Amino acid sequence: MVKVRMAAPVLQQNDEVAAENRKVFLQKGVFVLNLMSSPGSGKTSVLERTIEGLSGRLKLGVVEGDIYTTRDAERIEKYGVPVVQINTAGACHLDARMVKPTLEDFDLREIDLLIVENVGNLVCPAEFDLGEDARAAVLSVTEGNDKPVKYPLVFRESRAVLINKIDLLPYIDCDVDQLEKDLKQINPELMLFRVSARSGEGFEPWLSWLENQVQEKQTQKR
C-alpha cells in the first residue's frame, strides 16, 4: 500500500512559528520585509541601493538567505549594517523555523527595518510565512513580460514589486507598460516601482514607501 503524507501539517507548524516571530517583531516595533525574486533579477543590488538610500533615515538589519554561499552577506556587511546568513543546504526557500534563531543575533531594539533576502526562486518562498509584515518582489525587465502570468502567486502575495534594470529598456524587447498591467491584473493593490539598482534611478519613492511602513508599524507598538 502506498503511504501518503499530507503537507498541511508542515505548513501548519511553519505558521505557528511565524506567529511567534510576528509577536516578537510587534513587541520590538520592527517592520519586517520579505524580499523575493528569481535568480539574476538584481535583488541583492536593489538591497544595497536601499541600504545606501536609507542610511541616516532608518536603522536596518538584514537576514540573507542563500543555498550554500555567503557572498551576498559579505556584500551587505560592507555597508555596516548587522547581517546574519542562513544557508539552506539545498532548500529553495526560507521558512519561519530558519528565521527564528537569527532573531537572537540581532539587537531588535536597535532596528527599525529588518529585510529578509529570500532564496532566489519565484515559487517556493511565496508559500512560507516568516512572520513578516510585508512581501516585496524584484522583477527585472530582462526576464521577459511573461513572468507575472507564469508565476502569479509571488505577485499575488506581495505588497510591492520593484521592476528593476529599467536602464536596459532601450536595448531589450520588454513592454514595461504591459508588464505593469499584468501585475495589476494579478494584484490590483500592488505598489509598483520602476528602478535601476545600477544607476539609482527611481529609488526615492520606494524608500519613502518603506519609511511609511516602518512608521505605521511603530505606531502599532505604542
Side-chain angles (χ1 to χ4, degrees), residues 31-55 57-58 60 62-66 72 75-76 79 92-94 113-127 130 132-214 216:
F31 183 82
V32 182
L33 182 76
N34 182 358
L35 192 61
M36 304 177 290
S37 79
S38 59
S41 66
K43 178 159 47 72
T44 305
S45 297
V46 165
L47 181 52
E48 289 176 307
R49 279 285 182 186
T50 300
I51 293 170
E52 279 185 328
L54 291 176
S55 176
R57 297 161 69 173
L58 293 176
L60 272 70
V62 174
V63 175
E64 274 290 345
D66 202 354
D72 290 347
R75 286 171 60 179
I76 298 304
Y79 292 86
C92 56
H93 61 274
L94 297 179
L113 170 62
L114 181 66
I115 299 179
V116 181
E117 183 177 358
N118 217 312
V119 177
N121 185 334
L122 273 183
V123 181
C124 309
E127 298 175 352
L130 307 180
E132 73 271 42
D133 294 285
R135 298 174 176 181
V138 178
L139 176 68
S140 71
V141 295
T142 55
E143 296 178 71
N145 282 59
D146 59 351
K147 282 292 187 298
V149 178
K150 292 176 70 174
Y151 303 97
L153 179 62
V154 66
F155 303 106
R156 192 176 298 132
E157 294 289 324
S158 292
R159 197 181 295 176
V161 173
L162 293 100
I163 301 174
N164 190 28
K165 304 186 183 180
I166 59 169
D167 52 303
L168 297 179
L169 281 174
Y171 313 107
I172 60 174
D173 184 17
C174 175
D175 186 342
V176 71
D177 293 328
Q178 184 61 51
L179 186 65
E180 290 187 337
K181 288 179 183 177
D182 291 342
L183 286 165
K184 283 289 191 180
Q185 190 166 18
I186 292 169
N187 182 355
E189 304 300 320
L190 271 176
M191 292 294 297
L192 300 177
F193 302 96
R194 296 186 185 188
V195 301
S196 167
R198 182 172 179 270
S199 69
E201 181 182 355
F203 264 79
E204 189 52 42
W206 160 245
L207 302 177
S208 296
W209 183 82
L210 285 172
E211 281 187 308
N212 289 335
Q213 303 305 305
V214 169
E216 289 180 14

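From a predicted model like this one, the values you see are computed outputs, not experimental measurements. Values below: every heavy atom of this structure, side chains too, minus hydrogens, waters and symmetry copies.
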S.K.: Would you say the side-chain atoms of R135 pair up with the backbone N or O of M36, donor to acceptor, closer than 3.5 Å?
M.R.: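 Between the backbone of M36 and the side chain of R135 there is no qualifying donor-acceptor contact (under 3.5 Å).
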S.K.: If you compare all heavy atoms of Y151 against all heavy atoms of V154, which two are closest, and at what distance to 0.1 Å?
M.R.: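 Shortest heavy-atom contact: O-CG1, 3.4 Å.
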S.K.: What closest approach, in Å, do N121 and C92 show between heavy atoms, and which atom pair accounts for it?
M.R.: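 Looks like ND2-CB, 3.2 Å.
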S.K.: Give a yes or no on whether R57 atom CZ has more than 12 heavy-atom contacts from other residues, nucleotides or ligands under 6.0 Å away.
M.R.: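 Yes, CZ of R57 has more than 12 neighbouring heavy atoms, counting only those of other groups under 6.0 Å.
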S.K.: Looking at V32, is its backbone amide N or carbonyl O close enough to the side chain of D133 to form a donor-acceptor pair, meaning the two atoms are under 3.5 Å apart?
M.R.: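 A pair under 3.5 Å: yes.
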S.K.: Say you draw a straight line from CD of E143 to OG of S37; how long is it, rounded to the nearest 0.5 Å?
M.R.: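 Those atoms lie 7.0 Å apart.
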S.K.: Would you say that E52 contacts R49 through its side chain, given a criterion of any heavy-atom pair below 4.5 Å between the two side chains?
M.R.: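 A side-chain contact under 4.5 Å exists here.
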S.K.: Checking side chain to side chain contact (heavy atoms under 4.5 Å, CB included) for the pair C174/N145: CA distance, chi angles, key distance, verdict?
M.R.: CA-CA 6 Å; C174 175; N145 282 59; 3.5 Å; yes
S.K.: Decide yes or no on side chain to side chain contact (heavy atoms under 4.5 Å, CB included) for L54 and E211, but give the supporting numbers first.
M.R.: CA-CA 9 Å; L54 291 176; E211 281 187 308; 4.1 Å; yes
S.K.: Looking only at side-chain N and O atoms, does E117 offer a donor or acceptor that is under 3.5 Å from a partner on T44?
M.R.: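 Their side chains do contain a donor-acceptor pair, which is all the 3.5 Å distance test asks for.
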S.K.: Side chain to side chain contact (heavy atoms under 4.5 Å, CB included) between L35 and T50: does it pass, once the steps are laid out?
M.R.: CA-CA 12 Å; L35 192 61; T50 300; over 6 Å; no
S.K.: Residues two or more places apart in sequence or in another chain: which of them pass side chain to side chain contact (heavy atoms under 4.5 Å, CB included) with V149?
M.R.: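 Listed in chain order: D182.
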S.K.: Just verifying a value: how many Å separate I115 CD1 and E132 CD, rounded to the nearest 0.5 Å?
M.R.: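 Those atoms lie 13.0 Å apart.
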S.K.: What are the two closest non-hydrogen atoms of R75 and S45, and how far apart are they?
M.R.: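 So the two residues come closest at NH2-OG, 3.2 Å.
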S.K.: Say you draw a straight line from CG of L94 to SG of C124; how long is it, rounded to the nearest 0.5 Å?
M.R.: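 Reported value, rounded in 0.5 Å steps: 11.0 Å.
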S.K.: Identify the two heavy atoms, one from N34 and one from P125, that lie closest to each other, and give their separation to 0.1 Å.
M.R.: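 In terms of heavy atoms, the two residues are closest at ND2-O, 4.5 Å.
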S.K.: Hey, could you give me the CG/CD1 distance between L153 and I186, rounded to the nearest 0.5 Å?
M.R.: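 Here the rounded value is 10.0 Å.
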S.K.: Ignoring hydrogens and geometry, is there a side-chain-to-backbone donor-acceptor pair from N164 to V138 under 3.5 Å?
M.R.: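 The answer is no, because no donor-acceptor pair under 3.5 Å joins these two groups.
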S.K.: Within the supplied structure, the quantity of interest is the number of heavy atoms (other residues, nucleotides, ligands) at a distance under 6.0 Å from Q185 CD; does it exceed 12?
M.R.: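 No, because the 6.0 Å sphere around CD of Q185 holds 12 heavy atoms or fewer from other groups.
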S.K.: Taking atom CD1 of I51 and atom CD1 of I76, what is their separation to the nearest 0.5 Å?
M.R.: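 The distance works out to 4.0 Å.
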S.K.: Could you go through the side chain to side chain contact (heavy atoms under 4.5 Å, CB included) check for L130 and N118 one step at a time?
M.R.: CA-CA 10 Å; L130 307 180; N118 217 312; 4.1 Å; yes
S.K.: Counting C-beta onward and ignoring hydrogens, is there a side-chain heavy-atom pair between F31 and L58 closer than 4.5 Å?
M.R.: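 With C-beta onward as the side chain, the pair stays apart.
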S.K.: Which atom names give the shortest non-hydrogen contact between S41 and S140, and what distance separates them?
M.R.: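 Minimum heavy-atom contact is O-CB, 3.6 Å.
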S.K.: Going through the distances and angles, do R194 and E180 end up as a salt bridge (charged side-chain N to carboxylate O under 4.0 Å, His left out)?
M.R.: CA-CA 10 Å; R194 296 186 185 188; E180 290 187 337; 2.9 Å; yes
S.K.: Does D173 have more than 12 heavy atoms from other residues, nucleotides or ligands lying within 6.0 Å of its CG?
M.R.: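 Atom CG in D173 is not crowded, with 12 or fewer foreign heavy atoms closer than 6.0 Å.
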S.K.: For S199, is there any backbone N or O sitting under 3.5 Å from a side-chain donor or acceptor partner on S196?
M.R.: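 Side chain of S196 to backbone of S199, a donor-acceptor pair under 3.5 Å: yes, one is there.
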S.K.: Quick one: pull up CG in N187 and CD in E157 and give me the separation to the nearest 0.5 Å.
M.R.: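 One finds 9.0 Å between CG of N187 and CD of E157.
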S.K.: Measure across R159 and W209 and return the closest heavy-atom pair with its distance rounded to 0.1 Å.
M.R.: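 Heavy-atom minimum between the residues: CD-CZ2, 3.6 Å.
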